[in-house]
Amino acid sequence: MILDAFKLTGKVAIVTGCRTGLGQGIALGLAEAGADIVGIDLNNLGDTKTGVEAAGRKFLGIEADLSNIRVIDDIIDQAMQAFGRIDILVNTAGIIRRADALEFSEKDWDDVMNINLKAVFFLAQAAAKQFVKQDTGGKIINIASLLSFQGGIRVPSYTASKSGVMGITRLLANEWAKHRINVNAIAPGYMATDNTAPLRQDAKRSEEILQRIPAGRWGLPADLQGIAVFLASEASAYVNGYTIAVDGGWLAR
C-alpha cells in the first residue's frame with residue numbers, strides 16, 4: 001500500500017527550533033506519522049512535548065543555543081543515548097534581523113548566518129556521519145524560504161542565509177546520495193509565526209502581502225506537516241536536492 005511508505009513508525013527525528021511555530025508544527029506532524037522526536041530549542045519545550053506525547057510518541061527535549069556549534073556533538077550523543085538511532089534531521093531553527101542594507105550591522109549579519117546557515121551545515125554533517133555509521137541511510141530536511149528565490153528588502157543576512165540553504169541542500173544531496181541520504185528543503189511562504197509578527201501587525205504591509213498570495217491567507221505551521229512527512233518518509237526515496245515551496249502560490253504569481 002502506498003500509504004505505508006509515508007509511515008514513520010520506529011523512526012527518530014531531530015527537529016530544531018521546535019518550541020513554537022513551524023518547528024513545532026513539523027515535530028507534531030512527524031510524531032503523528034509515527035516518529036519519536038528529539039526537540040531542540042533555547043527553552044520552554046513543554047507544549048511541544050505535550051503534543052508529541054499526546055500523539056503516542058516519545059519526546060526528548062534538549063535546550064541548546066545553536067549559535068555555538070560546539071553543542072552539536074552533545075545533541076547527537078543525547079539522542080543516541082535516548083533512542084539508539086537517528087533517522088531524520090529537520091533544520092527548522094532560524095532567526096531574522098531587519099534593517100536597511102546601508103545601515104546593516106556586522107552583528108546582525110553574523111547572528112543570522114550562524115543560526116540559519118552555519119548550524120544547518122554542521123548539524124547536517126553530524127547527522128550524516130551517524131547515518132553512515134548506522135548504515136541505515138537517512139533524511140535531512142532544511143528550511144529555506146521564498147527569499148531563497150527572491151531578494152526581499154531590509155533582510156540582507158536572512159536572504160543570504162536562505163539562498164545558502166538552498167545551495168548547500170543541493171551540494172549535500174550530490175555528495176550523500178550514495179549513502180542513501182536524501183537532503184531536501186522546504187521553502188515556506190509568508191507564514192503566521194513569530195518572525196512575521198511585525199509584518200502582520202503592519203496593516204498596510206500585511207494587506208499588500210495577502211493581495212499577492214493566490215490562496216489569500218497567511219500560511220500556518222500545519223501547512224508544512226504533509227510535505228515534511230513526505231520528505232522524511234520512504235515515499236520520497238527518489239527526491240534529492242530539491243527545494244519545495246509551500247507558499248499559497250506566491251512564486252507562481
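When a residue number appears, it is its place in the shown sequence, counting from 1. This is a predicted model, so every value here is computed, not measured. Scope of the values below: all heavy atoms of this structure, side chains included, with no hydrogens, waters or symmetry mates.
Tracing side-chain contacts under 4.5 Å through hydrophobic residues (I, L, V, M, F, W, Y), one reaches Ile186 starting from Phe6; they form part of the same cluster. Cluster membership for Val112 and Leu123, using ILVMFWY side-chain heavy atoms within less than 4.5 angstrom, is shared. Grouping the Ile, Leu, Val, Met, Phe, Trp and Tyr side chains by contacts below 4.5 angstrom, directly or via other members, places Tyr190 apart from Val246. One hydrophobic cluster, built from ILVMFWY side chains closer than 4.5 Å, holds both Ile141 and Leu28. There is a path of hydrophobic side-chain contacts, each under 4.5 Å, that joins Ile26 to Ile244.
Salt bridge annotation for Asp135-Arg180: present, with a cationic side-chain nitrogen under 4.0 angstrom from a carboxylate oxygen. Comment: Lys7 engages Asp4 in a salt bridge, judged by a side-chain N to carboxylate O separation of less than 4.0 angstrom. A salt bridge links Asp108 and Arg97; the closest N-O separation between the charged side-chain nitrogens and carboxylate oxygens is under 4.0 Å. The pair Arg57-Glu53 does not meet the salt-bridge criterion, since no charged nitrogen lies less than 4.0 angstrom from a carboxylate oxygen.
Ala177 and Asn240 get closest at one heavy-atom pair: CB-ND2, 3.3 Å. Looking at every heavy atom in both residues, Ala173 comes nearest to Val183 through CB-O, 3.8 Å. In this structure, Pro188 and Ala144 approach most closely via the heavy-atom pair CD-O, 3.4 Å. What you find for Leu172 and Ala124 is that their closest heavy atoms are CD1-CB, 3.9 Å. Of all non-hydrogen atoms in Leu45 and Gly61, the two that sit nearest each other are CD1-CA, 3.8 Å. Taking all atoms of both residues into account, the shortest heavy-atom contact from Ser145 to Lys162 is CB-CG, 3.6 Å.
Listed for the Asn184 side chain is a donor-acceptor partner under 3.5 Å among the backbone atoms of Gly241. A donor-acceptor pair is defined here as one N or O able to donate and one able to accept, closer than 3.5 Å; such a pair exists between the side chain of Asp41 and the backbone of Cys18. Under a 3.5 Å cut-off, the side chain of Gln78 and the backbone N or O of Ile62 do not form any donor-acceptor pair. Judged purely by atom type and a 3.5 angstrom limit, Asp87 uses its side chain to pair as donor or acceptor with the backbone of Val12. No donor-acceptor distance shorter than 3.5 angstrom exists from the side chain of Thr159 to the backbone of Pro156, with no hydrogens or angles considered.
For the pair Met80/Lys133, no side-chain contact is recorded, criterion being any heavy-atom separation below 4.5 Å from C-beta on. In this structure the side chain of Arg85 reaches within 4.5 angstrom of the side chain of Thr136, judged on heavy atoms. Between Leu8 and Ile88, some side-chain heavy-atom pair lies under the 4.5 Å cut-off. Using a 4.5 Å cut-off on side-chain heavy atoms (C-beta onward), Lys118 and Ile69 make contact. Proximity of Ile76 to Ile86: side-chain heavy atoms (C-beta onward) are separated by under 4.5 Å at one or more points. Residues Asp36 and Phe59 have side chains not in contact (no heavy-atom distance under 4.5 Å, counting atoms from C-beta outward). Using a 4.5 Å heavy-atom cutoff, the side chains of Ile75 and Ile40 are in contact.
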Sequence neighbours excluded and cut-off under 3.5 Å, please list the side-chain donor-acceptor pairs for residues 205-221, or say none.
| from | atom 1 | to | atom 2 | distance (Å) |
| --- | --- | --- | --- | --- |
| Ser206 | OG | Trp218 | NE1 | 3.4 |
| Glu207 | OE2 | Gln211 | NE2 | 3.2 |
| Glu208 | OE2 | Lys204 | NZ | 2.7 |
| Arg212 | NE | Trp250 | O | 3.4 |
| Arg212 | NH2 | Trp250 | O | 3.0 |
| Arg217 | NH1 | Asp223 | OD2 | 3.0 |
| Arg217 | NH2 | Asp223 | OD1 | 3.1 |
| Arg217 | NH2 | Asp223 | OD2 | 3.4 |

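Tested against Gln24, the residues Thr193, Thr48, Thr92 include a single side-chain hydrogen bond (donor to acceptor under 3.5 Å, both in side chains) partner, Thr48.
Checking Asp77 against Gln81 by side-chain atom types alone, no donor-acceptor pair falls below 3.5 Å. No side-chain donor-acceptor contact under 3.5 Å links Asn114 and Ser67.
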Report task. Apply side chain to side chain contact (heavy atoms under 4.5 Å, CB included) to Tyr158 and Ile95, showing your working. Result -> CA-CA 8 Å; Tyr158 187 83; Ile95 62 174; over 6 Å; no
Report task. Verify side chain to side chain contact (heavy atoms under 4.5 Å, CB included) between Trp176 and Asn182, making sure each step is shown before the conclusion. Result -> CA-CA 7 Å; Trp176 295 345; Asn182 296 75; over 6 Å; no
Report task. Could you give me the CA-CA distance, side-chain angles and deciding distance for Leu30 and Val15, then say whether side chain to side chain contact (heavy atoms under 4.5 Å, CB included) is met? Result -> CA-CA 10 Å; Leu30 298 183; Val15 184; 4.0 Å; yes
Report task. Applying side chain to side chain contact (heavy atoms under 4.5 Å, CB included), run through Arg19 and Asn43 and close with a yes or a no. Result -> CA-CA 7 Å; Arg19 180 178 61 86; Asn43 51 41; 3.8 Å; yes
Query raised in the report: Stepwise, does the side chain to side chain donor-acceptor pair (under 3.5 Å) test hold for Ser233 with Lys11?
Result: CA-CA 9 Å; Ser233 72; Lys11 303 294 186 181; over 6 Å; no
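Taking OG1 of Thr20 as the start and CG of Asp194 as the end, the distance is 4.5 Å to the nearest 0.5 Å. For the atom pair Ser161 OG and Asn116 CG, the distance stands at 4.0 Å (nearest 0.5 Å). Distance check, rounded to the nearest 0.5 Å: CG of Leu147 to CD1 of Ile153 gives 10.0 Å. Atoms CD and OG1, from Gln201 and Thr196 in turn, are 9.0 Å apart once rounded to the nearest 0.5 Å. Going from atom CE of Met191 over to atom CD1 of Ile143 covers 9.5 Å, rounded to the nearest 0.5 Å. The CD1 atom of Ile96 sits 14.0 Å away from the CD1 atom of Ile115 when rounded to the nearest 0.5 Å.
Shown here is Tyr242, whose OH atom has no more than 12 heavy atoms of other residues, nucleotides or ligands within 6.0 Å. Heavy atoms from other residues, nucleotides or ligands lying under 6.0 Å from CZ of Arg253 number more than 12. No more than 12 heavy atoms of other residues, nucleotides or ligands shown are found within 6.0 angstrom of CG on Asp47.
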